[in-house]
Novice: 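Structure below; questions to follow.
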Amino acid sequence: PEYLYMDIVDYLVSKCSSDVERKRVADELMEFEKRNEIDILRVMVYIVDQFRKNKVVWGVGRGSSVSCFCLYLIGINKINPLVYDISYTEFFKE
């Protein structure tokens, strides 16, 4: 239940350390909302928390998921797309 009702916006913004990061999160969240996929971010937080709790090792990231800064903040991947100037549009391609 704590994940079902968590404020994912506050969760992600609290992990940002600059205005550039907050802007990127806002842009990506708009894309998630447009696709009605905000809940998937809550699921990802739950999965990462369970991985950490159970000492499960997962990869550094692959494919277009590494272009999503929100997934980086959650811990799904270890590649910061801002460092490599990767556009989030790569993740949201249709």
Novice: Could you list the residues that satisfy salt bridge (Lys or Arg N to Asp or Glu O under 4.0 Å) with Glu37, not counting sequence neighbours?
Specialist: none
Novice: For Ser87, which residues count as a side-chain hydrogen bond (donor to acceptor under 3.5 Å, both in side chains) partner, sequence neighbours excluded?
Specialist: Thr89
Novice: Could I get the full list of side-chain hydrogen bond (donor to acceptor under 3.5 Å, both in side chains) partners for Ser14, not counting sequence neighbours?
Specialist: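 With sequence neighbours excluded, Ser14 shows a side-chain hydrogen bond (donor to acceptor under 3.5 Å, both in side chains) to no residue whatsoever.
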Novice: Applying side-chain contact (heavy atoms from CB on, under 4.5 Å), name anything that partners Asp10, two or more places apart in sequence or on another chain.
Specialist: Asp7
Novice: With side chains defined as the heavy atoms from C-beta onward, is the minimum distance between Leu12 and Leu41 less than 4.5 Å?
Specialist: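 Yes, side chains in contact.
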Novice: Mark yes or no for whether Arg42, through its side chain, and Met6, through its backbone, hold a donor-acceptor pair below 3.5 Å.
Specialist: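 Looks like yes, one N/O pair under 3.5 Å.
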Novice: Using the side-chain contact (heavy atoms from CB on, under 4.5 Å) criterion, which residues pair with Val56? Sequence neighbours excluded.
Specialist: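 Per chain and number, Val56 pairs via side-chain contact (heavy atoms from CB on, under 4.5 Å) with Phe51, Asn54.
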Novice: According to salt bridge (Lys or Arg N to Asp or Glu O under 4.0 Å), who are the partners of Asp19, at least two apart in sequence or on a separate chain?
Specialist: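 Residues passing salt bridge (Lys or Arg N to Asp or Glu O under 4.0 Å) with Asp19: Arg22.
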Novice: Treating Ile, Leu, Val, Met, Phe, Trp and Tyr as nodes and any side-chain heavy-atom pair under 4.5 angstrom as an edge, say whether Tyr3 and Val13 lie in one connected cluster.
Specialist: yes
Novice: Got a sec, which residues hit side-chain contact (heavy atoms from CB on, under 4.5 Å) with Ser65, two or more places apart in sequence or on another chain?
Specialist: Leu71, Asn77, Phe91
Novice: Could you give all pairs that pass the salt bridge (Lys or Arg N to Asp or Glu O under 4.0 Å) test and reach residues 43-63, with sequence neighbours left out?
Specialist: none
Novice: Glu33: which residues meet the side-chain hydrogen bond (donor to acceptor under 3.5 Å, both in side chains) condition with it, sequence neighbours left out?
Specialist: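 Glu33: no side-chain hydrogen bond (donor to acceptor under 3.5 Å, both in side chains) contacts found.
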Novice: Can you sort out the partners of Lys78 under salt bridge (Lys or Arg N to Asp or Glu O under 4.0 Å), two or more places apart, ordered by chain and number?
Specialist: none
Novice: List the residues meeting ring pair (Phe, Tyr, Trp, His ring centres under 6.0 Å) with Tyr72, not counting sequence neighbours, and say none if there are none.
Specialist: Phe69
Novice: Using ring pair (Phe, Tyr, Trp, His ring centres under 6.0 Å) as the criterion, list what pairs up with Tyr11, not counting sequence neighbours.
Specialist: none
